[in-house]
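Worth knowing before you read on, the calculation uses all heavy atoms, side chains too, and leaves out hydrogens, waters and symmetry mates.
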Amino acid sequence: MEESFPLFVESIGYNPYEQDFNRPEGYPYYHWLQTVEGNGRFSFHGQDYLLSKGRGILLKPYTPHMYYSLGKKWSTIYITFGGKSAGSILDALNMNHSSIYTDLRNLQVEIMMQDMLQKIKLDSEFSKIDLSIYLYNFLLNLKKYGKMNSQPSLSYLYDKVRKIVDWLEIHYAEDITLDEMAKQLNVSSQYLNKLFQKTFQISPYTFLIQLRIRKAKEILLQNPEVPVKNVAILVGFNNLSYFISTFKKREGVTPKKYRDMYGKDNKMTVK
(Lines give C-alpha, C1' and ligand atoms only; values in the text may rest on other atoms or scores of the structure.)
Protein backbone atom coordinates (compact mmCIF):
# COMPACT_ATOMS: atom_id res chain seq x y z
CA MET A 1 0.00 0.00 0.00
CA GLU A 2 1.14 3.56 -0.64
CA GLU A 3 0.79 4.39 3.06
CA SER A 4 3.76 2.11 3.73
CA PHE A 5 6.02 4.36 1.65
CA PRO A 6 8.12 6.87 3.63
CA LEU A 7 6.96 9.61 1.24
CA PHE A 8 4.53 9.23 -1.65
CA VAL A 9 2.60 11.38 -4.14
CA GLU A 10 -1.15 10.83 -3.87
CA SER A 11 -2.10 13.10 -6.77
CA ILE A 12 -0.56 15.77 -8.97
CA GLY A 13 -1.97 17.94 -11.71
CA TYR A 14 -2.67 21.21 -13.49
CA ASN A 15 -6.07 22.88 -13.49
CA PRO A 16 -6.43 25.55 -16.22
CA TYR A 17 -9.78 26.50 -14.66
CA GLU A 18 -9.66 25.84 -10.93
CA GLN A 19 -12.98 24.92 -9.34
CA ASP A 20 -14.46 26.24 -6.11
CA PHE A 21 -14.05 23.93 -3.12
CA ASN A 22 -15.33 23.92 0.43
CA ARG A 23 -13.83 21.21 2.62
CA PRO A 24 -15.04 21.64 6.22
CA GLU A 25 -13.32 18.35 7.14
CA GLY A 26 -10.14 19.12 5.22
CA TYR A 27 -8.28 16.73 2.93
CA PRO A 28 -6.74 13.46 4.17
CA TYR A 29 -3.27 14.23 2.75
CA TYR A 30 -0.82 17.13 2.72
CA HIS A 31 -1.99 19.49 -0.01
CA TRP A 32 0.02 22.02 -2.03
CA LEU A 33 -1.88 24.46 -4.28
CA GLN A 34 -0.15 27.19 -6.29
CA THR A 35 -1.44 29.82 -8.69
CA VAL A 36 -0.09 29.76 -12.24
CA GLU A 37 -2.39 32.43 -13.68
CA GLY A 38 -5.16 34.64 -12.34
CA ASN A 39 -6.21 35.00 -8.72
CA GLY A 40 -7.99 32.92 -6.13
CA ARG A 41 -9.16 33.36 -2.56
CA PHE A 42 -8.07 30.73 -0.04
CA SER A 43 -9.38 30.48 3.53
CA PHE A 44 -8.16 28.40 6.45
CA HIS A 45 -7.75 28.88 10.20
CA GLY A 46 -10.20 31.78 10.02
CA GLN A 47 -8.00 33.81 7.66
CA ASP A 48 -8.45 34.76 3.99
CA TYR A 49 -5.47 34.84 1.64
CA LEU A 50 -5.09 36.14 -1.90
CA LEU A 51 -3.51 33.40 -3.99
CA SER A 52 -2.02 35.31 -6.91
CA LYS A 53 0.76 34.20 -9.25
CA GLY A 54 3.91 33.24 -7.36
CA ARG A 55 1.97 32.22 -4.24
CA GLY A 56 1.11 28.81 -2.87
CA ILE A 57 -0.52 27.16 0.13
CA LEU A 58 0.72 24.09 2.01
CA LEU A 59 -1.98 22.47 4.14
CA LYS A 60 -1.66 19.76 6.75
CA PRO A 61 -4.04 16.81 6.47
CA TYR A 62 -7.59 17.42 7.67
CA THR A 63 -7.21 21.20 7.82
CA PRO A 64 -10.67 22.74 7.13
CA HIS A 65 -10.45 25.11 4.17
CA MET A 66 -12.19 26.60 1.17
CA TYR A 67 -11.07 28.36 -1.99
CA TYR A 68 -12.62 29.95 -5.04
CA SER A 69 -11.69 31.86 -8.18
CA LEU A 70 -11.53 35.64 -8.35
CA GLY A 71 -12.28 36.30 -11.99
CA LYS A 72 -12.98 34.30 -15.14
CA LYS A 73 -9.85 32.18 -15.05
CA TRP A 74 -7.77 30.88 -12.17
CA SER A 75 -5.13 28.34 -13.19
CA THR A 76 -3.36 26.25 -10.56
CA ILE A 77 -0.96 23.39 -10.07
CA TYR A 78 -1.35 21.03 -7.15
CA ILE A 79 0.22 18.08 -5.45
CA THR A 80 -1.09 15.98 -2.56
CA PHE A 81 1.18 13.64 -0.65
CA GLY A 82 1.60 11.55 2.45
CA GLY A 83 3.64 8.66 3.82
CA LYS A 84 4.80 7.34 7.15
CA SER A 85 7.78 9.74 7.14
CA ALA A 86 6.04 12.80 5.66
CA GLY A 87 5.38 14.37 9.06
CA SER A 88 8.90 13.78 10.39
CA ILE A 89 10.46 15.16 7.19
CA LEU A 90 8.36 18.32 7.43
CA ASP A 91 9.15 18.54 11.17
CA ALA A 92 12.87 18.46 10.37
CA LEU A 93 12.35 21.24 7.81
CA ASN A 94 10.20 23.21 10.28
CA MET A 95 7.38 23.14 7.72
CA ASN A 96 4.84 20.86 9.36
CA HIS A 97 2.08 23.45 9.62
CA SER A 98 -0.44 24.99 7.25
CA SER A 99 1.12 28.10 5.72
CA ILE A 100 1.07 30.43 2.74
CA TYR A 101 4.27 30.77 0.71
CA THR A 102 5.12 33.81 -1.37
CA ASP A 103 7.84 34.89 -3.79
CA LEU A 104 8.17 31.48 -5.44
CA ARG A 105 9.85 32.73 -8.61
CA ASN A 106 13.16 30.98 -7.86
CA LEU A 107 11.45 27.74 -6.90
CA GLN A 108 10.34 26.83 -10.45
CA VAL A 109 7.54 24.61 -9.14
CA GLU A 110 5.76 24.72 -12.49
CA ILE A 111 8.80 23.30 -14.28
CA MET A 112 9.29 20.59 -11.65
CA MET A 113 5.66 19.47 -11.78
CA GLN A 114 5.47 19.64 -15.57
CA ASP A 115 8.49 17.38 -15.68
CA MET A 116 6.82 14.93 -13.28
CA LEU A 117 3.58 14.95 -15.29
CA GLN A 118 5.47 14.46 -18.55
CA LYS A 119 7.34 11.46 -17.17
CA ILE A 120 4.10 9.93 -15.93
CA LYS A 121 2.49 10.51 -19.35
CA LEU A 122 5.41 8.97 -21.25
CA ASP A 123 5.94 6.10 -18.83
CA SER A 124 2.93 4.74 -17.00
CA GLU A 125 5.33 2.64 -14.92
CA PHE A 126 7.14 5.73 -13.65
CA SER A 127 7.88 4.47 -10.17
CA LYS A 128 6.56 5.72 -6.87
CA ILE A 129 10.17 5.99 -5.71
CA ASP A 130 10.99 8.38 -8.57
CA LEU A 131 7.97 10.50 -7.70
CA SER A 132 9.03 10.50 -4.05
CA ILE A 133 12.48 11.81 -5.03
CA TYR A 134 10.88 14.65 -7.00
CA LEU A 135 8.62 15.42 -4.07
CA TYR A 136 11.48 15.45 -1.58
CA ASN A 137 13.48 17.82 -3.78
CA PHE A 138 10.42 20.04 -4.10
CA LEU A 139 10.09 20.27 -0.30
CA LEU A 140 13.79 21.09 0.09
CA ASN A 141 13.53 23.86 -2.51
CA LEU A 142 10.35 25.17 -0.94
CA LYS A 143 12.22 25.42 2.37
CA LYS A 144 15.19 27.10 0.73
CA TYR A 145 13.47 29.63 -1.53
CA GLY A 146 9.88 30.04 -0.36
CA LYS A 147 8.89 32.84 1.98
CA MET A 148 6.65 31.21 4.58
CA ASN A 149 3.96 33.52 5.98
CA SER A 150 5.84 36.51 4.53
CA GLN A 151 9.01 35.58 6.45
CA PRO A 152 12.34 35.81 4.55
CA SER A 153 13.37 32.67 2.68
CA LEU A 154 16.26 30.55 3.95
CA SER A 155 18.42 31.52 0.96
CA TYR A 156 17.74 35.22 1.64
CA LEU A 157 18.71 34.80 5.28
CA TYR A 158 21.89 32.91 4.40
CA ASP A 159 22.90 35.61 1.93
CA LYS A 160 22.68 38.11 4.79
CA VAL A 161 24.70 35.99 7.21
CA ARG A 162 27.23 34.71 4.66
CA LYS A 163 29.70 37.56 5.36
CA ILE A 164 30.05 36.69 9.04
CA VAL A 165 30.23 32.95 8.27
CA ASP A 166 33.12 33.59 5.86
CA TRP A 167 34.80 35.83 8.45
CA LEU A 168 34.50 33.17 11.15
CA GLU A 169 36.08 30.59 8.84
CA ILE A 170 39.23 32.75 8.99
CA HIS A 171 39.14 34.11 12.55
CA TYR A 172 37.58 31.20 14.46
CA ALA A 173 40.72 30.67 16.59
CA GLU A 174 40.70 34.23 17.93
CA ASP A 175 39.05 35.38 21.16
CA ILE A 176 35.80 36.51 19.52
CA THR A 177 32.87 38.16 21.27
CA LEU A 178 29.29 38.45 20.06
CA ASP A 179 29.72 42.22 19.69
CA GLU A 180 32.76 41.68 17.45
CA MET A 181 30.75 39.33 15.24
CA ALA A 182 27.89 41.82 15.05
CA LYS A 183 30.34 44.58 14.11
CA GLN A 184 31.31 42.65 10.97
CA LEU A 185 27.73 43.06 9.69
CA ASN A 186 27.18 46.52 11.19
CA VAL A 187 24.22 45.22 13.18
CA SER A 188 23.38 44.90 16.86
CA SER A 189 24.27 41.74 18.77
CA GLN A 190 20.54 41.16 19.36
CA TYR A 191 19.80 41.28 15.62
CA LEU A 192 22.74 38.98 14.85
CA ASN A 193 21.45 36.46 17.35
CA LYS A 194 17.97 36.54 15.75
CA LEU A 195 19.52 36.20 12.29
CA PHE A 196 21.47 33.07 13.30
CA GLN A 197 18.45 31.58 15.05
CA LYS A 198 16.32 32.01 11.92
CA THR A 199 19.03 30.76 9.56
CA PHE A 200 20.65 27.92 11.51
CA GLN A 201 18.36 27.49 14.57
CA ILE A 202 21.39 28.08 16.83
CA SER A 203 23.08 31.10 18.40
CA PRO A 204 26.21 32.73 16.87
CA TYR A 205 28.28 31.41 19.80
CA THR A 206 27.05 27.84 19.27
CA PHE A 207 27.85 28.20 15.56
CA LEU A 208 31.39 29.30 16.48
CA ILE A 209 31.83 26.33 18.84
CA GLN A 210 30.65 23.92 16.14
CA LEU A 211 33.10 25.49 13.69
CA ARG A 212 35.98 25.14 16.18
CA ILE A 213 35.14 21.48 16.81
CA ARG A 214 35.02 20.84 13.06
CA LYS A 215 38.45 22.44 12.63
CA ALA A 216 39.77 20.45 15.60
CA LYS A 217 38.63 17.19 13.98
CA GLU A 218 40.51 18.10 10.81
CA ILE A 219 43.73 18.81 12.71
CA LEU A 220 43.42 15.68 14.86
CA LEU A 221 43.26 13.46 11.78
CA GLN A 222 45.52 15.34 9.39
CA ASN A 223 48.26 16.13 11.92
CA PRO A 224 48.55 13.16 14.29
CA GLU A 225 51.83 14.49 15.70
CA VAL A 226 50.16 17.60 17.18
CA PRO A 227 49.31 17.08 20.89
CA VAL A 228 45.65 17.46 21.88
CA LYS A 229 46.46 20.43 24.12
CA ASN A 230 47.97 22.22 21.10
CA VAL A 231 44.98 21.37 18.94
CA ALA A 232 42.78 23.05 21.53
CA ILE A 233 44.79 26.27 21.32
CA LEU A 234 44.94 26.18 17.52
CA VAL A 235 41.14 26.21 17.25
CA GLY A 236 40.48 28.83 19.93
CA PHE A 237 40.07 26.86 23.19
CA ASN A 238 42.36 28.29 25.85
CA ASN A 239 41.18 25.77 28.44
CA LEU A 240 42.10 22.15 27.70
CA SER A 241 39.51 20.66 30.06
CA TYR A 242 36.75 22.74 28.45
CA PHE A 243 37.90 21.68 24.98
CA ILE A 244 37.84 17.98 25.91
CA SER A 245 34.44 18.17 27.60
CA THR A 246 32.92 20.19 24.74
CA PHE A 247 34.38 17.84 22.14
CA LYS A 248 33.09 14.76 23.96
CA LYS A 249 29.64 16.31 24.39
CA ARG A 250 29.37 16.92 20.66
CA GLU A 251 31.16 13.84 19.27
CA GLY A 252 30.53 11.25 21.99
CA VAL A 253 34.25 10.57 22.48
CA THR A 254 37.30 12.52 23.67
CA PRO A 255 39.64 14.13 21.09
CA LYS A 256 42.26 11.42 21.73
CA LYS A 257 39.74 8.64 21.27
CA TYR A 258 38.45 10.30 18.09
CA ARG A 259 42.00 10.39 16.70
CA ASP A 260 42.57 6.74 17.65
CA MET A 261 39.30 5.68 16.01
CA TYR A 262 39.55 7.63 12.75
CA GLY A 263 43.26 8.33 12.29
CA LYS A 264 45.24 7.49 9.17
CA ASP A 265 46.24 4.09 10.53
CA ASN A 266 42.63 3.14 11.19
CA LYS A 267 40.41 1.84 8.39
CA MET A 268 37.16 3.17 9.87
CA THR A 269 35.44 5.82 7.79
CA VAL A 270 34.89 9.25 9.32
CA LYS A 271 31.25 10.19 9.42
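Each side chain to side chain donor-acceptor pair (under 3.5 Å) pair with one or both residues in residues 73-82, not counting sequence neighbours, appears once here: E10-T80, S11-T80, E18-T76, T35-W74.
The backbone N or O of L185 lies less than 3.5 Å from no partner atom in the side chain of K163, so there is not a single donor-acceptor pair. Counting only distance, with no hydrogens or angles, the side chain of S85 and the backbone of S88 share no donor-acceptor pair below 3.5 Å. Under a 3.5 Å cut-off, the side chain of N193 and the backbone N or O of S189 do not form any donor-acceptor pair. A distance-only check finds a donor-acceptor pair linking the side chain of S245 to the backbone of Y242 [under 3.5 Å]. The backbone N or O of N39 sits nowhere less than 3.5 Å from a side-chain atom of S52 that would complete a donor-acceptor pair.
In this structure, L51 is not a member of the same hydrophobic cluster as Y17, with clusters built from ILVMFWY side-chain heavy atoms closer than 4.5 Å. When hydrophobic clusters are built by joining Ile, Leu, Val, Met, Phe, Trp and Tyr residues whose side-chain heavy atoms come closer than 4.5 Å, directly or via intermediates, F42 is not grouped with Y62.
In this structure, W32 has its ring center under 6.0 Å from that of Y101. You'll find the ring centres of Y29 and F8 inside the 6.0 Å limit. Separation of the Y67 and F44 ring centroids does not fall under the 6.0 Å cut-off.
Two residues are said to be in side-chain contact when any heavy atoms from C-beta on lie closer than 4.5 Å; R212 and L208 meet this criterion. A heavy-atom distance below 4.5 Å is not found between the side chains of M95 and I89. V161 is listed as a side-chain neighbour of F196, based on a closest heavy-atom distance under 4.5 Å. With a 4.5 Å cut-off on side-chain heavy atoms, L90 and K60 do not count as touching. H31 has its side chain within reach of R23: a pair of non-hydrogen atoms, C-beta onward, lies under 4.5 Å apart. Residues T63 and H45 meet the side-chain proximity criterion, which asks for heavy atoms closer than 4.5 Å. A 4.5 Å side-chain heavy-atom check between Y191 and N186 finds every atom pair outside the cut-off. Within the 4.5 Å cutoff, no side-chain heavy atoms of F207 are placed close to those of I164.
Atom CG of D48 sits in a crowded spot, with more than 12 heavy atoms from other residues, nucleotides or ligands closer than 6.0 Å. The 12-atom threshold is not exceeded at CD of E25, counting heavy atoms of other residues, nucleotides or ligands nearer than 6.0 Å. With a 6.0 Å radius and a threshold of 12 heavy atoms from other residues, nucleotides or ligands, N22 has its CG atom above the threshold.
For the atom pair CD1 of I219 and CZ of R259, the computed distance is 9.5 Å after rounding to the nearest 0.5 Å. Taken to the nearest 0.5 Å, the NZ atom of K257 stands 14.5 Å off from the CD atom of E251. From L168, atom CG reaches atom NZ of K215 across 10.5 Å, with rounding to the nearest 0.5 Å. Distance check, rounded to the nearest 0.5 Å: CG of L58 to CZ of F81 gives 5.5 Å. Note that the CG atom of N238 and the CG atom of D175 stand 6.5 Å from one another [nearest 0.5 Å].
Pairing each heavy atom of A216 with each of V235, the nearest pair is N-CG1, 3.6 Å. For the residue pair L93 and K143, the shortest heavy atom distance occurs at O-NZ, 3.0 Å. Contact detail for M181 and I176: the closest heavy-atom pair is CG-CG2, 3.6 Å. In this structure, N239 and S241 approach most closely via the heavy-atom pair OD1-N, 3.0 Å.
The hydrophobic cluster containing L70, built from Ile/Leu/Val/Met/Phe/Trp/Tyr side-chain heavy atoms closer than 4.5 Å, also comprises L50, M66, Y68.
K183 and D179 are not joined by a salt bridge, as no carboxylate oxygen comes within less than 4.0 angstrom of a charged side-chain nitrogen.
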Could you give me the CA-CA distance, side-chain angles and deciding distance for I202 and Q210, then say whether side-chain contact (heavy atoms from CB on, under 4.5 Å) is met? CA-CA 10 Å; I202 57 175; Q210 290 182 352; 3.5 Å; yes
Begin with the C-alpha distance, continue with both residues' side-chain angles, and end with the deciding distance and a verdict on side-chain contact (heavy atoms from CB on, under 4.5 Å) for E180 and H171. CA-CA 11 Å; E180 287 173 324; H171 300 278; over 6 Å; no
Check the pair H65 / S43 against side-chain contact (heavy atoms from CB on, under 4.5 Å), numbers first and verdict last. CA-CA 6 Å; H65 64 276; S43 302; over 6 Å; no
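Using modelled atom types, one finds a donor on one side chain and an acceptor on the other under 3.5 Å when comparing S99 with H97. Counted by atom type alone, N96 and Y30 present one or more donor-acceptor pairs between their side chains at under 3.5 Å.
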Donor-acceptor contacts under 3.5 Å from residues 225-234 side chains, at least two apart:
none

